[in-house]
There are 2 protein chains.
Amino acid sequence: MRIGELSKRTGVAVPTIKYYLREGMLPPGERTSPNQARYDESHVHRLRLVRALIDVGGLPVAKVRDLLATVDSPSDDIDKLLGTVQRAVIPPLPASGQAEMQAAAEEEVRALLDDLGWHCREDHPALTALAGVLVSAQALGHGTFLDTVRRYAVIAAQIGVADLDYIADKRGVDGMLESVVVGTVLGDTALIALRRLAQVNESTKRYPHRRAGTLTENQPEALTQAGPDDLA
Amino acid sequence: MRIGELSKRTGVAVPTIKYYLREGMLPPGERTSPNQARYDESHVHRLRLVRALIDVGGLPVAKVRDLLATVDSPSDDIDKLLGTVQRAVIPPLPASGQAEMQAAAEEEVRALLDDLGWHCREDHPALTALAGVLVSAQALGHGTFLDTVRRYAVIAAQIGVADLDYIADKRGVDGMLESVVVGTVLGDTALIALRRLAQVNESTKRYPHRRAGTLTENQPEALTQAGPDDLA
DNA sequence: AGATTATGGATAGTGGTGCTGTCTGCTTTC
DNA sequence: GAAAGCAGACAGCACCACTATCCATAATCT
C-alpha cells in the first residue's frame, strides 16, 4: 500500500507518518522507484504500536524511538532489551536536590525489599523513583504514606505474577518482546484506571449516603460530617 | 521570609517562583510595602506540593493550577472537589478515531465492573481510559490482554481499600483533601515503581539462571532457551 | 549616609516537543 | 494528457515550562 492508505488505515496524518519515518520510528517502505515506496501490514502494526505508546502510554516520541530501536536489535544483550523497556517507561525524576534525603529514602526502600525477600539491582530506576516519592511525601508531612507503600508492595507482588504470566504465554522472541512493551506500557495505564474505579467503588461502599452513579446538588457540609465522599 | 529564602528552602529558582505566582498556583505573599511581600511556611508547603505534583507526579503545570484552584475553594461542591482530583490525573486520551471500537470496549468494561459488583458513573474518565487501552491492545493483536486486565481489577480492589484507609485517617477537610491529592498522584508513581520491582523479582524467581543483582556478559541465546529474562 | 544587594512587577526570549505546511520534481491513475 | 498522489527537504508553528532582562523601589551592609 502507499502512504495515503497507511494513513487511512491507522488514522495518522500523512505528514506525521513522514515525520515518524524521518525519526526512524517506522522502517522505510520498500522502494518501487527512486521516489516511491510501498508499505505493508508490518507498517500498519508498527504505526499502531507507536500511537499506542504515545497516546495510551503517554511516552514522549524520543522514548518510543529508543525503545523500538532497542527492540529491533534482538541480536543484542537480552538484559539490555528488557531493561530498556523498564527504563523507557520510568522517567528519571528531576533530581530533588535533597541528596541525603534521597539516599536515606533509598535505604528505606532497600529495607522494604529485604523484608519482602525481593531482589533487584542496587540502582534500579524504580527504586530511585520510589525513594523520590517517599522524599516528597515526607517533605509534605505525609511520612505515614510509607505504610501505604508497604501495603502497595504486597499488592504489587500479585501484579508482577500476572505480568509474567502474560509474557510467558507468548511464543517467540518477537512476540515476547512486544508483550513486554505492550504489557508494561498499556498495563500501567490500565492499572491506574482500575485504581480510580476501585477508589470510587470503595468510597461508595464506605460512604453510601449518596447514590452511586449521580452527581447531586451541593452538600459542602457532607465532608465534615461523613468523611470522604464518593469520588464518582 | 522573602522570596530568596523561599527559593533556598525549596530549591525552586526565584524566576520560577515568580512564574508560579503569576499563574496563581502560589498565593501572593503578604504585602509589607507597595512592592515588597513576605512569605511564610504555608508558601513553603504549597511550593513543595506544586513541585511534587510536577516532578514526581508528572502533571503539567496547567493541571496543577486547576487542581489547586479547586482544592482551594472548599465551599464548593465536594463531588466536584474530589472528582477534579481524579480528572486532573487521568489525561483524557486523544480520541482514537475508532468510535465504535471504543464504544464496544466501554461496554466490555462496564460488563467487567458489573461482574465485580463495582458501581461508578457511566462516563467516568477512568472507564474511558481503560476502554482505550483495550482498543489499542486489540488493534495490536493483544486481545488476550483483557484477561490480564481482569486479574488487575481484582488486585486493584485491594489498592482502593488501602487508598481509602489512608484518606480516612486524616482529620479535617484540608488534611483529607491534601491526602487525596498526595495519595492519588504520589500513589500512582509509587505503584508503578513497585510494579517494576515486582516484575524484576518475579522474573528472577521464575528464571533464576542468572544471578539477581547483576548484569552479566552477553547471552543473547538465553531468551529462546529459557523464556523471559530477569528485568533487572 | 552611601554602596551593595535583593525585590516585585512587567515583558520578552529560550529551548524543547510534536507535529504541520509548503515546495519541487517525479509517478501513478484516470 | 490532465489530475492526483508521492518522496524528500525544509521551514514554520503552537504549546509548554521556564529564564532573562529591565526598572524602580526596598532592605541590608559598612
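Only a predicted model underlies this, so the values are computations on that prediction, with no experimental measurement involved.
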B:Tyr152: ring pair (Phe, Tyr, Trp, His ring centres under 6.0 Å) partners, not counting sequence neighbours: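 None.
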First and last nucleotide of DNA chain D, 5' to 3', lying under 4.0 Å from heavy atoms of chain A: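 Range of nucleotides within reach of chain A: D:dG5 to D:dC10.
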Closest-nucleotide ordering on DNA chain D, the 5'-leading residue of B:Arg51 and A:Glu5: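 So the residue in question is A:Glu5.
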Partner set under side chain to side chain donor-acceptor pair (under 3.5 Å) for A:Arg46, not counting sequence neighbours: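 Listed in chain order: A:Asp72.
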Side chain to side chain donor-acceptor pair (under 3.5 Å) partners for A:Ser42, two or more places apart: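 Applying side chain to side chain donor-acceptor pair (under 3.5 Å) to A:Ser42 gives A:Asp40.
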Under the salt bridge (Lys or Arg N to Asp or Glu O under 4.0 Å) test, residues paired with A:Asp165 that sit two or more places apart: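 By the salt bridge (Lys or Arg N to Asp or Glu O under 4.0 Å) rule, A:Asp165 matches B:Arg151, B:Arg206.
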B:Arg196 side chain to A:Leu127 backbone, donor-acceptor under 3.5 Å: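 Side chain of B:Arg196 to backbone of A:Leu127, a donor-acceptor pair under 3.5 Å: no, none is there.
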Sorted by first residue and then second, give each salt bridge (Lys or Arg N to Asp or Glu O under 4.0 Å) pair with at least one member in [range]; sequence neighbours left out.
range: residues 98-107 of chain A; result: A:Glu106-A:Arg110, A:Glu107-A:Arg110
range: residues 126-136 of chain A; result: none
range: residues 51-60 of chain A; result: A:Arg51-A:Asp55

Pairs meeting criterion side chain to side chain donor-acceptor pair (under 3.5 Å) with involvement of residues 1-12 of chain A, two or more places apart: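 Qualifying pairs: A:Arg2-A:Gln36, A:Arg9-A:Glu41.
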Chain A contact limits on DNA chain C, taken 5' to 3' with a cut-off of 4.0 angstrom to heavy atoms: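 In short, chain A contacts DNA chain C from C:dG18 to C:dT28.
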Touch class at under 4.0 angstrom, heavy-atom based, for A:Arg65 against every strand present: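 Here A:Arg65 touches no strand at all.
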Which side-chain N or O atoms in residues 135-146 of chain B pair as donor and acceptor under 3.5 Å with protein atoms at least two apart or in another chain?
from     : atom 1 : to       : atom 2 : distance (Å)
B:His142 : ND1    : A:Tyr166 : OH     : 2.7
B:His142 : NE2    : A:Glu178 : OE2    : 2.9

Stretch residues 7-32 of chain A: residues that reach within less than 4.0 Å of DNA chain D through a heavy atom: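 Per residue number, the list reads A:Lys18, A:Arg22, A:Arg31.
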